[in-house]
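Hydrogens, waters and symmetry mates play no part in the numbers below; they use all other heavy atoms, side chains included. Since we're looking at a predicted model, the values are computed, not measured.
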Amino acid sequence: MADISEYSLVTYERKQGHWRAAISPVRRPSSSGQGGTIFSVVTPDDYASESEAQLAAEKLIRKL
């Protein structure tokens, strides 16, 4: 189970009344200066509100 504090969560409205959320890992500064692979996950469904989309993203994070 992943810790929510290790992820950045962004909600957005695709069109009026259709909300989704994207999550991506929080990047930690590296001493080598080389970045790693960054990935993001978007909630698979639309939600009626921003808070519902955020809750769905938090559930996704817990499954990681």
Side-chain angles (χ1 to χ4, degrees):
M1 180 163 82
D3 186 357
I4 291 175
S5 66
E6 295 177 2
Y7 292 85
S8 171
L9 192 148
V10 176
T11 56
Y12 61 96
E13 193 171 23
R14 287 188 337 105
K15 57 185 176 180
Q16 190 170 5
H18 297 267
W19 289 87
R20 290 202 180 184
I23 60 171
S24 57
V26 175
R27 290 197 49 143
R28 305 263 193 263
S30 66
S31 59
S32 67
Q34 295 183 4
T37 302
I38 298 294
F39 71 94
S40 65
V41 177
V42 176
T43 54
D45 300 316
D46 288 333
Y47 296 90
S49 70
E50 183 176 11
S51 59
E52 289 177 20
Q54 182 170 349
L55 181 60
E58 290 172 1
K59 288 180 181 179
L60 276 176
I61 291 170
R62 287 187 194 106
K63 288 182 180 181
L64 296 176

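Rounded to the nearest 0.5 Å, atoms CD (Glu6) and OG (Ser24) are 12.5 Å apart. A distance of 7.0 Å separates NZ in Lys15 from CG in Asp46, rounded to the nearest 0.5 Å.
If you chain together hydrophobic residues whose side chains sit under 4.5 Å apart, Tyr47 and Val42 never meet in one group. Both Phe39 and Leu60 are assigned to one and the same hydrophobic cluster, defined by single-linkage of ILVMFWY side chains at heavy-atom distances under 4.5 Å. A single hydrophobic cluster is seen to contain both Ile4 and Leu9, as judged by linkage of ILVMFWY side chains at heavy-atom distances under 4.5 Å, directly or through other members.
Sorted by first and then second residue, the salt bridge (charged side-chain N to carboxylate O under 4.0 Å, His left out) pairs involving residues 51-64 (not counting sequence neighbours) form an empty list.
Looking only at atom types and distance, the side chain of Glu50 has a donor-acceptor partner in the side chain of Thr11 under 3.5 Å away.
Checked by atom type and distance alone, the side chain of Thr43 pairs as donor or acceptor with a backbone atom of Ala21 at under 3.5 Å.
Taking every heavy atom of both residues into account, Arg20 and Pro44 meet most closely at NH2-O, 3.5 Å.
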